[in-house]
J.: 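Submitted below is the structure of interest, expressed as C-alpha coordinates.
First the proteins, then the strands, lettered A, B, ... as listed; each starts at 1. Please read these numbers as outputs of a predicted model, since none were measured by experiment.
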Number of protein chains: 2
Amino acid sequence: MKQAEGGLRERKKLQTRAALTEAALRLALEKGPDNVTVDEIAEAADVSVRTFFNYFPHKEHAILGRNPAHLERALELIRTAPDEQSPLTTMWMIVHDVLQELLSEGSLTRRGELIMTSPSLLFHLMLSSMDDERQLSEALTERIGDPLRAKLIVTSAGTACRVAVELHKTTPDSAPGDLVDAAFQLLAQGIDPDYQKGQV
Amino acid sequence: MKQAEGGLRERKKLQTRAALTEAALRLALEKGPDNVTVDEIAEAADVSVRTFFNYFPHKEHAILGRNPAHLERALELIRTAPDEQSPLTTMWMIVHDVLQELLSEGSLTRRGELIMTSPSLLFHLMLSSMDDERQLSEALTERIGDPLRAKLIVTSAGTACRVAVELHKTTPDSAPGDLVDAAFQLLAQGIDPDYQKGQV
DNA sequence: TAATAGTTTGCAGTAGGTGCAAGAATCTGC
DNA sequence: GCAGATTCTTGCACCTACTGCAAACTATTA
(Lines give C-alpha, C1' and ligand atoms only; values in the text may rest on other atoms or scores of the structure.)
Protein backbone atom coordinates (compact mmCIF):
# COMPACT_ATOMS: atom_id res chain seq x y z
CA MET A 1 0.00 0.00 0.00
CA LYS A 2 1.06 3.54 -0.60
CA GLN A 3 2.35 5.55 2.28
CA ALA A 4 0.22 8.65 2.68
CA GLU A 5 2.05 11.85 3.49
CA GLY A 6 4.85 11.68 6.00
CA GLY A 7 7.07 9.25 4.09
CA LEU A 8 10.69 9.96 3.52
CA ARG A 9 10.14 9.88 -0.22
CA GLU A 10 7.42 12.51 0.02
CA ARG A 11 9.52 14.75 2.18
CA LYS A 12 12.53 14.45 -0.08
CA LYS A 13 10.48 15.42 -3.09
CA LEU A 14 9.22 18.50 -1.32
CA GLN A 15 12.77 19.31 -0.31
CA THR A 16 14.06 18.93 -3.83
CA ARG A 17 11.26 21.05 -5.24
CA ALA A 18 11.89 23.74 -2.64
CA ALA A 19 15.61 23.68 -3.30
CA LEU A 20 14.98 24.07 -7.03
CA THR A 21 12.56 26.99 -6.73
CA GLU A 22 14.80 28.63 -4.18
CA ALA A 23 17.86 28.31 -6.36
CA ALA A 24 15.94 29.40 -9.42
CA LEU A 25 14.59 32.52 -7.77
CA ARG A 26 17.89 33.43 -6.22
CA LEU A 27 19.85 33.03 -9.43
CA ALA A 28 17.20 34.83 -11.44
CA LEU A 29 17.40 37.78 -9.09
CA GLU A 30 21.18 37.76 -9.17
CA LYS A 31 21.77 37.45 -12.88
CA GLY A 32 18.50 38.44 -14.46
CA PRO A 33 15.89 35.83 -15.38
CA ASP A 34 17.07 35.43 -18.94
CA ASN A 35 20.67 34.84 -18.07
CA VAL A 36 20.08 31.83 -15.83
CA THR A 37 20.51 28.42 -17.34
CA VAL A 38 18.89 25.23 -16.18
CA ASP A 39 22.37 23.83 -15.69
CA GLU A 40 23.12 26.41 -13.07
CA ILE A 41 19.84 25.94 -11.25
CA ALA A 42 20.25 22.19 -11.15
CA GLU A 43 23.79 22.49 -9.94
CA ALA A 44 22.85 24.97 -7.23
CA ALA A 45 20.11 22.61 -6.04
CA ASP A 46 22.53 19.70 -6.29
CA VAL A 47 20.54 17.56 -8.68
CA SER A 48 20.98 16.61 -12.30
CA VAL A 49 19.53 18.63 -15.14
CA ARG A 50 17.34 15.72 -16.02
CA THR A 51 15.86 15.77 -12.54
CA PHE A 52 15.08 19.44 -12.89
CA PHE A 53 12.87 18.59 -15.82
CA ASN A 54 11.18 15.88 -13.81
CA TYR A 55 9.91 18.60 -11.51
CA PHE A 56 9.24 21.46 -13.91
CA PRO A 57 8.24 21.44 -17.54
CA HIS A 58 9.93 24.77 -18.17
CA LYS A 59 12.67 26.79 -16.61
CA GLU A 60 10.20 29.54 -15.90
CA HIS A 61 7.98 27.35 -13.76
CA ALA A 62 10.78 26.89 -11.30
CA ILE A 63 11.31 30.62 -10.98
CA LEU A 64 7.60 31.33 -10.66
CA GLY A 65 7.32 28.66 -7.99
CA ARG A 66 3.55 28.65 -8.22
CA ASN A 67 1.74 27.35 -5.21
CA PRO A 68 -1.05 24.89 -6.09
CA ALA A 69 -2.68 25.58 -2.73
CA HIS A 70 -3.71 29.06 -3.87
CA LEU A 71 -5.99 27.71 -6.56
CA GLU A 72 -7.52 25.24 -4.13
CA ARG A 73 -8.30 27.96 -1.64
CA ALA A 74 -9.73 30.20 -4.33
CA LEU A 75 -12.08 27.51 -5.56
CA GLU A 76 -13.12 26.84 -1.99
CA LEU A 77 -13.86 30.53 -1.46
CA ILE A 78 -16.09 30.60 -4.49
CA ARG A 79 -17.96 27.47 -3.51
CA THR A 80 -18.54 28.47 0.09
CA ALA A 81 -19.30 32.14 -0.46
CA PRO A 82 -22.53 33.27 1.22
CA ASP A 83 -25.41 33.87 -1.17
CA GLU A 84 -25.58 37.54 -0.42
CA GLN A 85 -21.94 38.10 -1.38
CA SER A 86 -21.65 39.52 -4.89
CA PRO A 87 -19.33 37.62 -7.25
CA LEU A 88 -16.76 40.37 -7.75
CA THR A 89 -16.60 40.77 -3.99
CA THR A 90 -15.64 37.11 -3.79
CA MET A 91 -12.95 37.67 -6.39
CA TRP A 92 -11.64 40.60 -4.40
CA MET A 93 -11.33 38.38 -1.36
CA ILE A 94 -9.44 35.80 -3.36
CA VAL A 95 -7.03 38.36 -4.68
CA HIS A 96 -6.37 39.72 -1.23
CA ASP A 97 -6.02 36.26 0.22
CA VAL A 98 -3.15 35.53 -2.14
CA LEU A 99 -1.72 39.02 -1.89
CA GLN A 100 -1.61 38.81 1.87
CA GLU A 101 0.29 35.56 1.88
CA LEU A 102 2.75 36.73 -0.72
CA LEU A 103 3.37 39.88 1.25
CA SER A 104 3.78 38.07 4.53
CA GLU A 105 6.32 35.63 3.18
CA GLY A 106 8.12 38.50 1.57
CA SER A 107 8.26 36.85 -1.82
CA LEU A 108 5.83 39.18 -3.54
CA THR A 109 8.19 42.04 -3.98
CA ARG A 110 11.15 39.93 -4.97
CA ARG A 111 9.34 37.59 -7.28
CA GLY A 112 6.73 40.12 -8.40
CA GLU A 113 9.21 42.65 -9.62
CA LEU A 114 11.22 39.95 -11.26
CA ILE A 115 8.20 38.76 -13.17
CA MET A 116 7.41 42.19 -14.45
CA THR A 117 10.89 42.60 -15.87
CA SER A 118 10.78 39.48 -17.98
CA PRO A 119 8.27 38.99 -20.77
CA SER A 120 9.10 35.33 -20.81
CA LEU A 121 8.26 34.95 -17.13
CA LEU A 122 5.11 36.98 -17.44
CA PHE A 123 4.14 34.89 -20.37
CA HIS A 124 4.53 31.63 -18.49
CA LEU A 125 2.69 33.02 -15.52
CA MET A 126 -0.23 33.95 -17.72
CA LEU A 127 -0.06 30.61 -19.43
CA SER A 128 -0.44 28.74 -16.20
CA SER A 129 -3.05 31.25 -15.09
CA MET A 130 -5.21 30.34 -18.04
CA ASP A 131 -6.01 26.99 -16.60
CA ASP A 132 -6.74 28.48 -13.20
CA GLU A 133 -8.99 30.97 -14.87
CA ARG A 134 -10.92 28.24 -16.54
CA GLN A 135 -11.51 26.41 -13.30
CA LEU A 136 -12.48 29.56 -11.47
CA SER A 137 -14.88 30.50 -14.25
CA GLU A 138 -16.53 27.14 -14.07
CA ALA A 139 -16.95 27.39 -10.33
CA LEU A 140 -18.38 30.85 -10.61
CA THR A 141 -20.72 29.86 -13.44
CA GLU A 142 -21.97 27.13 -11.17
CA ARG A 143 -22.92 29.82 -8.74
CA ILE A 144 -24.28 32.70 -10.81
CA GLY A 145 -25.46 30.90 -13.91
CA ASP A 146 -24.41 33.36 -16.61
CA PRO A 147 -21.19 31.93 -18.14
CA LEU A 148 -20.29 35.10 -20.04
CA ARG A 149 -20.56 37.25 -16.95
CA ALA A 150 -18.72 34.67 -14.86
CA LYS A 151 -15.83 34.52 -17.30
CA LEU A 152 -15.68 38.29 -17.53
CA ILE A 153 -15.62 38.67 -13.77
CA VAL A 154 -12.81 36.19 -13.34
CA THR A 155 -10.68 37.53 -16.16
CA SER A 156 -11.37 41.12 -15.19
CA ALA A 157 -10.14 40.43 -11.68
CA GLY A 158 -6.95 39.10 -13.19
CA THR A 159 -6.60 42.07 -15.48
CA ALA A 160 -7.22 44.44 -12.60
CA CYS A 161 -4.23 42.98 -10.79
CA ARG A 162 -2.02 43.16 -13.81
CA VAL A 163 -2.97 46.72 -14.62
CA ALA A 164 -2.47 47.72 -11.01
CA VAL A 165 1.03 46.27 -10.91
CA GLU A 166 1.96 47.86 -14.22
CA LEU A 167 0.65 51.23 -13.19
CA HIS A 168 2.42 50.99 -9.89
CA LYS A 169 5.68 50.72 -11.78
CA THR A 170 5.20 54.04 -13.54
CA THR A 171 3.66 55.82 -10.53
CA PRO A 172 5.31 54.26 -7.49
CA ASP A 173 3.72 56.75 -5.11
CA SER A 174 0.40 54.91 -5.24
CA ALA A 175 0.22 51.63 -3.32
CA PRO A 176 -0.52 48.49 -5.36
CA GLY A 177 -3.32 47.53 -3.00
CA ASP A 178 -5.06 50.87 -3.52
CA LEU A 179 -4.72 50.58 -7.27
CA VAL A 180 -6.25 47.11 -7.19
CA ASP A 181 -9.15 48.44 -5.15
CA ALA A 182 -9.69 51.34 -7.54
CA ALA A 183 -9.61 49.01 -10.53
CA PHE A 184 -12.15 46.68 -8.95
CA GLN A 185 -14.38 49.63 -8.18
CA LEU A 186 -14.27 50.84 -11.78
CA LEU A 187 -14.95 47.40 -13.19
CA ALA A 188 -17.83 46.84 -10.81
CA GLN A 189 -19.63 50.07 -11.63
CA GLY A 190 -18.73 50.13 -15.31
CA ILE A 191 -15.72 51.44 -17.13
CA ASP A 192 -17.76 53.50 -19.57
CA PRO A 193 -21.35 54.52 -18.82
CA ASP A 194 -21.55 56.47 -22.09
CA TYR A 195 -20.74 53.46 -24.24
CA GLN A 196 -22.94 53.07 -27.27
CA LYS A 197 -22.53 50.04 -29.40
CA GLY A 198 -22.64 50.27 -33.13
CA GLN A 199 -21.77 53.83 -34.02
CA VAL A 200 -20.16 52.43 -37.15
CA MET B 1 20.13 57.22 -52.43
CA LYS B 2 17.69 54.73 -51.18
CA GLN B 3 14.90 53.63 -53.47
CA ALA B 4 11.58 54.30 -51.83
CA GLU B 5 8.92 51.62 -52.25
CA GLY B 6 8.53 50.02 -55.63
CA GLY B 7 12.04 48.54 -55.86
CA LEU B 8 12.62 44.93 -56.71
CA ARG B 9 14.29 44.40 -53.38
CA GLU B 10 11.28 45.73 -51.52
CA ARG B 11 8.90 43.57 -53.49
CA LYS B 12 11.00 40.49 -52.96
CA LYS B 13 11.04 41.01 -49.22
CA LEU B 14 7.27 41.28 -49.14
CA GLN B 15 7.03 38.18 -51.28
CA THR B 16 9.33 36.22 -49.02
CA ARG B 17 7.46 37.32 -45.93
CA ALA B 18 4.15 36.39 -47.48
CA ALA B 19 5.47 33.02 -48.59
CA LEU B 20 6.72 32.32 -45.07
CA THR B 21 3.50 33.22 -43.28
CA GLU B 22 1.50 31.35 -45.86
CA ALA B 23 3.59 28.23 -45.52
CA ALA B 24 3.63 28.53 -41.74
CA LEU B 25 -0.14 28.81 -41.49
CA ARG B 26 -0.78 26.04 -43.98
CA LEU B 27 1.59 23.62 -42.32
CA ALA B 28 0.32 24.51 -38.87
CA LEU B 29 -3.21 23.75 -39.96
CA GLU B 30 -2.17 20.50 -41.59
CA LYS B 31 0.00 19.05 -38.87
CA GLY B 32 -0.94 20.95 -35.76
CA PRO B 33 0.98 24.04 -34.69
CA ASP B 34 3.31 22.18 -32.35
CA ASN B 35 4.35 19.62 -34.90
CA VAL B 36 5.68 22.07 -37.45
CA THR B 37 9.38 22.76 -37.50
CA VAL B 38 11.09 25.84 -38.78
CA ASP B 39 12.95 23.62 -41.21
CA GLU B 40 9.73 22.62 -42.90
CA ILE B 41 8.41 26.15 -43.09
CA ALA B 42 11.63 27.44 -44.57
CA GLU B 43 11.75 24.64 -47.07
CA ALA B 44 8.15 25.17 -48.11
CA ALA B 45 8.86 28.85 -48.67
CA ASP B 46 12.06 27.96 -50.47
CA VAL B 47 14.45 29.88 -48.29
CA SER B 48 17.05 28.85 -45.76
CA VAL B 49 16.31 28.42 -42.09
CA ARG B 50 18.59 31.30 -41.35
CA THR B 51 16.54 33.55 -43.57
CA PHE B 52 13.41 32.54 -41.73
CA PHE B 53 14.92 33.96 -38.59
CA ASN B 54 15.83 37.14 -40.42
CA TYR B 55 12.11 37.72 -40.86
CA PHE B 56 10.64 36.38 -37.61
CA PRO B 57 12.09 36.20 -34.12
CA HIS B 58 10.01 33.13 -33.27
CA LYS B 59 8.32 30.38 -35.15
CA GLU B 60 5.01 31.50 -33.71
CA HIS B 61 5.28 34.95 -35.21
CA ALA B 62 5.25 33.48 -38.67
CA ILE B 63 2.11 31.48 -37.95
CA LEU B 64 0.39 34.42 -36.33
CA GLY B 65 1.32 36.59 -39.29
CA ARG B 66 0.53 39.72 -37.38
CA ASN B 67 -0.20 42.74 -39.49
CA PRO B 68 1.54 45.89 -38.23
CA ALA B 69 -1.02 47.97 -40.09
CA HIS B 70 -3.73 47.00 -37.60
CA LEU B 71 -2.00 48.72 -34.73
CA GLU B 72 -1.41 51.79 -36.84
CA ARG B 73 -5.04 52.05 -37.75
CA ALA B 74 -6.11 51.48 -34.16
CA LEU B 75 -3.89 54.28 -32.89
CA GLU B 76 -5.21 56.51 -35.62
CA LEU B 77 -8.79 55.71 -34.61
CA ILE B 78 -8.09 56.66 -31.02
CA ARG B 79 -6.37 59.91 -31.96
CA THR B 80 -9.00 61.04 -34.41
CA ALA B 81 -12.09 59.95 -32.50
CA PRO B 82 -14.66 62.72 -32.12
CA ASP B 83 -14.88 64.20 -28.65
CA GLU B 84 -18.38 62.99 -28.07
CA GLN B 85 -17.43 59.36 -28.72
CA SER B 86 -16.98 57.47 -25.48
CA PRO B 87 -13.67 55.58 -25.12
CA LEU B 88 -15.10 52.08 -25.02
CA THR B 89 -17.09 52.87 -28.13
CA THR B 90 -13.83 53.71 -29.85
CA MET B 91 -12.39 50.40 -28.70
CA TRP B 92 -15.44 48.63 -30.08
CA MET B 93 -14.84 50.22 -33.45
CA ILE B 94 -11.23 49.13 -33.40
CA VAL B 95 -12.18 45.58 -32.60
CA HIS B 96 -14.71 45.48 -35.37
CA ASP B 97 -12.35 47.10 -37.81
CA VAL B 98 -9.88 44.27 -37.34
CA LEU B 99 -12.60 41.65 -37.14
CA GLN B 100 -14.07 42.75 -40.41
CA GLU B 101 -10.81 42.52 -42.25
CA LEU B 102 -9.99 39.14 -40.81
CA LEU B 103 -13.40 37.85 -41.76
CA SER B 104 -13.24 39.26 -45.27
CA GLU B 105 -9.88 37.71 -46.02
CA GLY B 106 -11.16 34.47 -44.52
CA SER B 107 -8.20 34.06 -42.25
CA LEU B 108 -10.05 34.61 -38.99
CA THR B 109 -11.63 31.23 -38.73
CA ARG B 110 -8.59 29.30 -39.91
CA ARG B 111 -6.05 31.21 -37.93
CA GLY B 112 -8.36 31.99 -35.03
CA GLU B 113 -9.23 28.41 -34.30
CA LEU B 114 -5.63 27.41 -34.71
CA ILE B 115 -4.55 29.95 -32.17
CA MET B 116 -7.07 28.74 -29.65
CA THR B 117 -5.78 25.20 -29.88
CA SER B 118 -2.22 26.05 -29.06
CA PRO B 119 -1.25 27.64 -25.75
CA SER B 120 2.09 28.51 -27.22
CA LEU B 121 0.52 30.41 -30.08
CA LEU B 122 -2.02 32.07 -27.85
CA PHE B 123 0.67 33.38 -25.62
CA HIS B 124 2.91 34.67 -28.30
CA LEU B 125 -0.12 36.51 -29.51
CA MET B 126 -0.80 37.92 -26.08
CA LEU B 127 2.84 38.72 -25.60
CA SER B 128 2.98 40.75 -28.75
CA SER B 129 -0.37 42.20 -27.80
CA MET B 130 1.10 43.49 -24.58
CA ASP B 131 3.16 46.00 -26.44
CA ASP B 132 0.20 47.03 -28.56
CA GLU B 133 -1.79 47.38 -25.39
CA ARG B 134 0.77 49.69 -23.93
CA GLN B 135 0.71 51.94 -26.96
CA LEU B 136 -3.07 51.97 -27.10
CA SER B 137 -3.27 52.76 -23.40
CA GLU B 138 -0.92 55.66 -23.83
CA ALA B 139 -2.94 57.05 -26.71
CA LEU B 140 -6.15 56.68 -24.76
CA THR B 141 -4.65 58.22 -21.64
CA GLU B 142 -3.70 61.16 -23.82
CA ARG B 143 -7.37 61.54 -24.62
CA ILE B 144 -9.23 60.84 -21.38
CA GLY B 145 -6.59 61.68 -18.78
CA ASP B 146 -7.18 58.91 -16.25
CA PRO B 147 -4.41 56.32 -16.85
CA LEU B 148 -5.99 53.60 -14.71
CA ARG B 149 -9.29 53.85 -16.52
CA ALA B 150 -7.56 54.02 -19.90
CA LYS B 151 -5.55 50.90 -19.21
CA LEU B 152 -8.61 49.09 -17.93
CA ILE B 153 -10.62 49.99 -20.99
CA VAL B 154 -7.94 48.81 -23.38
CA THR B 155 -7.23 45.57 -21.58
CA SER B 156 -10.90 44.91 -20.99
CA ALA B 157 -11.58 45.22 -24.69
CA GLY B 158 -8.90 42.62 -25.29
CA THR B 159 -10.31 40.34 -22.62
CA ALA B 160 -13.79 40.73 -24.02
CA CYS B 161 -12.59 39.38 -27.35
CA ARG B 162 -10.77 36.49 -25.77
CA VAL B 163 -13.69 35.52 -23.57
CA ALA B 164 -16.05 35.77 -26.51
CA VAL B 165 -13.94 33.46 -28.63
CA GLU B 166 -13.53 30.97 -25.79
CA LEU B 167 -17.22 30.95 -25.04
CA HIS B 168 -18.01 30.55 -28.70
CA LYS B 169 -16.07 27.34 -28.67
CA THR B 170 -18.22 25.76 -25.99
CA THR B 171 -21.51 27.22 -27.25
CA PRO B 172 -21.12 27.43 -31.03
CA ASP B 173 -24.75 28.44 -31.53
CA SER B 174 -24.02 32.01 -30.48
CA ALA B 175 -22.12 34.14 -33.00
CA PRO B 176 -18.73 35.51 -31.91
CA GLY B 177 -19.73 39.01 -32.90
CA ASP B 178 -22.79 38.90 -30.66
CA LEU B 179 -20.76 37.59 -27.75
CA VAL B 180 -18.26 40.40 -28.19
CA ASP B 181 -21.10 42.91 -28.18
CA ALA B 182 -22.62 41.39 -25.05
CA ALA B 183 -19.25 41.41 -23.29
CA PHE B 184 -18.66 45.06 -24.17
CA GLN B 185 -22.12 45.93 -22.92
CA LEU B 186 -21.51 44.21 -19.59
CA LEU B 187 -18.12 45.84 -19.13
CA ALA B 188 -19.48 49.26 -19.99
CA GLN B 189 -22.34 49.15 -17.51
CA GLY B 190 -20.49 47.24 -14.81
CA ILE B 191 -19.98 43.56 -14.26
CA ASP B 192 -21.17 43.66 -10.69
CA PRO B 193 -23.34 46.52 -9.37
CA ASP B 194 -23.57 44.86 -5.95
CA TYR B 195 -19.82 44.81 -5.43
CA GLN B 196 -18.72 45.93 -2.01
CA LYS B 197 -15.05 46.23 -1.35
CA GLY B 198 -13.61 45.10 1.90
CA GLN B 199 -16.06 42.59 3.35
CA VAL B 200 -13.05 40.82 4.81
C1' DT C 1 30.20 48.99 -65.45
C1' DA C 2 32.10 49.48 -60.95
C1' DA C 3 31.40 50.58 -56.24
C1' DT C 4 28.07 50.19 -52.55
C1' DA C 5 24.65 48.75 -49.73
C1' DG C 6 21.37 45.18 -48.44
C1' DT C 7 20.06 40.00 -48.37
C1' DT C 8 20.76 35.23 -48.16
C1' DT C 9 23.10 31.47 -46.65
C1' DG C 10 26.08 27.89 -44.30
C1' DC C 11 28.35 26.88 -40.27
C1' DA C 12 29.38 26.45 -35.67
C1' DG C 13 27.65 26.94 -31.28
C1' DT C 14 24.39 27.60 -27.08
C1' DA C 15 20.38 26.26 -24.71
C1' DG C 16 15.83 24.21 -23.79
C1' DG C 17 13.47 20.01 -23.64
C1' DT C 18 12.24 14.64 -24.16
C1' DG C 19 12.53 9.41 -24.27
C1' DC C 20 14.85 5.64 -22.67
C1' DA C 21 17.01 2.37 -19.81
C1' DA C 22 20.12 1.42 -16.01
C1' DG C 23 20.91 2.05 -11.30
C1' DA C 24 19.86 3.84 -6.66
C1' DA C 25 16.70 4.77 -3.06
C1' DT C 26 12.39 4.00 -0.65
C1' DC C 27 8.45 1.34 0.56
C1' DT C 28 5.73 -2.98 1.32
C1' DG C 29 4.51 -7.48 3.02
C1' DC C 30 6.36 -10.97 5.47
C1' DG D 1 15.53 -7.28 8.62
C1' DC D 2 14.99 -8.97 4.00
C1' DA D 3 13.23 -9.78 -0.92
C1' DG D 4 10.65 -7.81 -4.31
C1' DA D 5 7.86 -4.13 -6.12
C1' DT D 6 7.67 0.75 -6.76
C1' DT D 7 9.40 5.13 -7.54
C1' DC D 8 13.28 8.61 -8.35
C1' DT D 9 17.46 9.95 -10.21
C1' DT D 10 20.69 10.13 -13.60
C1' DG D 11 23.43 9.90 -17.92
C1' DC D 12 23.06 9.68 -22.69
C1' DA D 13 21.60 10.35 -27.17
C1' DC D 14 18.75 13.12 -29.65
C1' DC D 15 15.72 16.91 -31.54
C1' DT D 16 14.46 21.65 -32.02
C1' DA D 17 14.79 26.68 -31.46
C1' DC D 18 17.56 30.40 -32.02
C1' DT D 19 22.06 33.57 -32.59
C1' DG D 20 26.57 35.51 -34.37
C1' DC D 21 29.66 35.70 -37.93
C1' DA D 22 31.65 35.98 -42.32
C1' DA D 23 31.36 34.81 -47.13
C1' DA D 24 28.64 34.84 -51.35
C1' DC D 25 25.24 36.90 -53.82
C1' DT D 26 22.06 40.58 -55.75
C1' DA D 27 19.81 44.96 -56.39
C1' DT D 28 20.80 49.80 -56.56
C1' DT D 29 23.24 53.93 -57.64
C1' DA D 30 26.50 56.94 -59.82
J.: I need the CD1-C1' distance between B:Ile41 and D:dT16, as an integer number of Å.
T.: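 In whole Å, D:dT16 C1' and B:Ile41 CD1 are 12 Å from each other.
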J.: Quick one: are A:Phe53 and A:Val38 in side-chain contact, heavy atoms under 4.5 Å?
T.: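 Contact flag for A:Phe53/A:Val38 side chains = yes.
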J.: Return the value, rounded to whole Å, for the distance between atom CZ of B:Arg11 and atom P of D:dA27.
T.: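 Interatomic distance, CZ of B:Arg11 to P of D:dA27: 10 Å.
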J.: Please determine if A:Arg162 and B:Glu133 form a salt bridge, counting it only when a charged side-chain N lies under 4.0 Å from a carboxylate O.
T.: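 Salt bridge between A:Arg162 and B:Glu133, a charged N being under 4.0 Å from a carboxylate O: yes.
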J.: Between A:Ile153 and B:Ile191, which heavy-atom pair has the shortest distance, and what is it?
T.: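 Taking every non-hydrogen atom into account, CD1-O, 3.8 Å.
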J.: Classify every nucleotide of nucleotides 11-20 of chain C by which part a protein heavy atom approaches to under 4.0 Å, writing B for the base, S for the sugar-phosphate alone and - for neither, in 5'-to-3' order.
T.: B----SBBBB
J.: Below 3.5 Å between N/O atoms, which protein atoms pair up with nucleotides 23-26 of chain D? Just atom names and distances, please.
T.:
residue	atom	partner	partner atom	Å
D:dT26	O2	B:Arg9	NH2	2.8

J.: Would you say A:Thr141 and A:Arg149 are linked by a side-chain donor-acceptor pair, where the criterion is simply a distance under 3.5 Å?
T.: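 No, because no side-chain N or O of A:Arg149 sits under 3.5 Å from a partner of the opposite role on A:Thr141.
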J.: In this structure, how many angstroms lie between the P atom of C:dT9 and the CG atom of B:Asn54, rounded?
T.: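 That distance rounds to 9 Å.
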J.: Without hydrogens or angle criteria, can the side chains of A:Gln196 and B:Thr89 be said to hold a donor-acceptor pair below 3.5 Å?
T.: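 Result is no, nothing qualifies.
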J.: Between the two ends of the helix from C:dT1-D:dA30 to C:dA22-D:dT9, what is the bend in degrees, rounded to 10 degrees, where each end axis spans five pairs?
T.: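 Roughly 10°, once rounded to the nearest ten degrees.
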J.: Are A:Glu22 and A:Arg17 ion-paired here, with the side-chain N under 4.0 Å from a carboxylate O?
T.: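 The answer is no: the pair does not qualify as a salt bridge.
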J.: Taking the side chain from B:Asp194 and the backbone from A:Ser86, do they hold a donor-acceptor pair closer than 3.5 Å?
T.: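 Side chain of B:Asp194 to backbone of A:Ser86: no pair is present.
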J.: Measuring to OP1 and OP2 of D:dT10, would you say a side-chain N or O of A:Thr51 lies under 4.0 angstrom away?
T.: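 Yes, such a contact exists.
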J.: Consider only side-chain heavy atoms of I, L, V, M, F, W and Y, link residues closer than 4.5 Å, and tell whether B:Trp92 and A:Leu148 are in one cluster.
T.: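 Yes; tracing contacts between hydrophobic side chains, which count when under 4.5 Å, links both residues.
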J.: What is the separation between atom CZ on A:Arg17 and atom P on D:dT9, rounded to the nearest whole Å?
T.: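 Going from CZ in A:Arg17 over to P in D:dT9 covers 11 Å.
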J.: May I ask whether B:Ile63 and B:Tyr55 are part of the same hydrophobic cluster, defined by side-chain heavy atoms of I, L, V, M, F, W, Y residues being less than 4.5 angstrom apart, directly or through others?
T.: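 No, no single cluster joins them.
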J.: Do the side-chain N or O atoms of B:Tyr55 get closer than 4.0 angstrom to the phosphate oxygens (OP1, OP2) of C:dT8?
T.: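 For C:dT8, OP1/OP2 do have a side-chain N/O of B:Tyr55 under 4.0 Å.
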J.: To the nearest Å, give me how far apart CG (A:Asp46) and C1' (D:dT9) are.
T.: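 After rounding, the gap between these two atoms is 12 Å.
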J.: To the nearest angstrom, how far is B:Leu20 atom CG from D:dC18 atom P?
T.: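 After rounding, the gap between these two atoms is 14 Å.
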J.: Does the distance from a Lys or Arg side-chain N to an Asp or Glu carboxylate O, for A:Glu40 and A:Lys31, drop under 4.0 Å?
T.: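 A:Lys31 and A:Glu40: salt-bridged.
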J.: Using a strict 4.0 Å threshold on nitrogen-to-oxygen distance, state whether B:Arg73 and B:Glu76 make a salt bridge.
T.: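 No.
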J.: Rounded to whole angstroms, how far apart are CG on A:Asp34 and C1' on D:dC18?
T.: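 Between C1' of D:dC18 and CG of A:Asp34: 14 Å.
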J.: Can you measure A:Glu10 atom CD to D:dT6 atom C1' for me and round it to whole angstrom units?
T.: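 The distance from CD of A:Glu10 to C1' of D:dT6 comes to 13 Å, rounded to the nearest Å.
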